[in-house]
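Here is the structure we will look at.
The chain is numbered in sequence order, starting from 1.
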Amino acid sequence: MTTQSAIFLPEQRNPFFTGRETVLQHLHAVLCQQRVVALSGPAGMGKTALALEYAWRFAQEYRWILWLDAASSETLLADIIELAPRLSLAIPANEQNLAYALPALQEWLASQQQYLLLLANVAGATPAAISASGHGHVLLLTRAPVADPSLAQLKLSTLDEQDGALLLLRQTGQITPDGSLEQAAEEVRAGAAALAHELAGLPIALHLAAAYIKATGGSIQEYLTMYRDYAARLVQLKVSKDRCTDAIA
């Protein structure tokens, strides 16, 4: 175990990260056993937030922590090129393409033991080629499960009502970043739980709601009322549209 890591991540640790304790511990256990894990879930499910929290939380177990965006060949190449001088990758200045950059990264990984490589937006075969190198840990972030039955898979679900409420209260400043639900008044907790339920525990929806509430200085209950009113108007518009369609038909 190391005491200091070279960390190359796109964001600092999020002080408002909430929930997912069981998932984090399970992910750590699986990575220690199988080395490569595919973390999947639809957009907005919180894959990136979870991966970053895992990296920061277990940083002491790694010598190197690397982040690559595999959304396209261009983004992957750009990230490898940015890391190249920090890792002393042998990529000629006049040959900055994946044909040279990828083998250089694979060679570096093969020489390392204590690394955590996080590959975001995985959708093709190139990340699989990277993850086959070395003896560290690799976490693949993908919207759909990777089509490889031999690969450890972990599907991310929505937050439960309690964790959703806790996230809202922390991000809106109703309680401290590490505070518990009990820090908030009972009616405030009830409003947060109701809003978390209305938003189906989807992390991105909860984050956006909290950001709006904090920016406008409103309350969680006011946002909940506005959200319900808007949802009701959408239903009414759909009913009216369906009636018009039926009349024309």
- Query: Do Ile220 and Leu169 pass the side-chain contact (heavy atoms from CB on, under 4.5 Å) test, and can you show the C-alpha distance, the side-chain angles, and the key distance before you say yes or no?
  - Reply: CA-CA 9 Å; Ile220 291 177; Leu169 293 171; 3.8 Å; yes
- Message: Could you check whether Gln221 and Ser219, counting side-chain N and O atoms only, form a donor-acceptor pair closer than 3.5 Å?
- Response: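 Per modelled atom types, Ser219 and Gln221 side chains form no pair under 3.5 Å.
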- Message: Hydrogens and angles aside, do Gln112 and Trp64 bring a side-chain donor and acceptor to less than 3.5 Å of each other?
- Response: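 A pair is found: one side chain offers a donor N or O, the other an acceptor, under 3.5 Å apart.
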Do [X] and [Y] have side chains that approach each other closer than 4.5 Å (heavy atoms only, starting at C-beta)?
X      : Y      : answer
Ile91  : Ile80  : yes
Leu66  : Trp108 : yes
Met226 : Tyr212 : yes
Gln25  : Arg57  : yes
Gln153 : Pro145 : yes

Say you draw a straight line from [atom1] of [X] to [atom2] of [Y]; how long is it, rounded to the nearest 0.5 Å?
X      : Y      : atom1 : atom2 : answer
Leu199 : Thr158 : CG    : OG1   : 11.0 Å
Glu21  : Thr18  : CD    : OG1   : 9.5 Å
Leu156 : Thr142 : CG    : OG1   : 12.5 Å

- Positive for side chain to side chain donor-acceptor pair (under 3.5 Å) with Glu61, one of His28, His137, Gln114: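 It is His28, the one option of His28, His137, Gln114 that forms the side chain to side chain donor-acceptor pair (under 3.5 Å) with Glu61.
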- Of the non-hydrogen atoms in Leu140 and Leu119, which two are nearest, and what is the gap between them?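 That would be CD2-CD1, 3.4 Å.
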- Task: Please report the closest heavy-atom contact between Leu166 and Gly179, naming both atoms and the distance.
- Result: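 Heavy-atom minimum between the residues: CD1-O, 3.5 Å.
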- Message: The test is side-chain contact (heavy atoms from CB on, under 4.5 Å); show your working for Ile7 and Trp56 and say whether it passes.
- Response: CA-CA 9 Å; Ile7 300 175; Trp56 287 110; 3.6 Å; yes
- Query: How about Tyr54 and Phe58: are their ring centroids closer than 6.0 Å?
  - Reply: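 Yes: the rings meet the under 6.0 Å criterion.
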- Message: Quick one, Val37 with Leu27, criterion side-chain contact (heavy atoms from CB on, under 4.5 Å). Give me CA distance, side-chain angles, the key distance, then yes/no.
- Response: CA-CA 8 Å; Val37 175; Leu27 175 58; 3.9 Å; yes
- Query: Does Phe16 have any side chain to side chain contact (heavy atoms under 4.5 Å, CB included) partners at least two apart in sequence or in another chain, and if so, which?
  - Reply: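 Testing Phe16 for side chain to side chain contact (heavy atoms under 4.5 Å, CB included), a comparison that skips the adjacent residues, returns Asn14, Arg170, Gln171, Pro177.
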- Task: Given side-chain contact (heavy atoms from CB on, under 4.5 Å), test Leu9 with Ile65 step by step and report yes or no.
- Result: CA-CA 7 Å; Leu9 293 174; Ile65 299 179; 3.8 Å; yes
- Message: If hydrophobic clusters are built from ILVMFWY residues whose side chains come within less than 4.5 Å, do Ile81 and Leu87 share one?
- Response: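 Shared cluster, yes.
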- Cluster overlap Leu52 with Leu206, hydrophobic side-chain contacts below 4.5 Å: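 Per the 4.5 Å side-chain linkage, Leu52 and Leu206 are not co-clustered.
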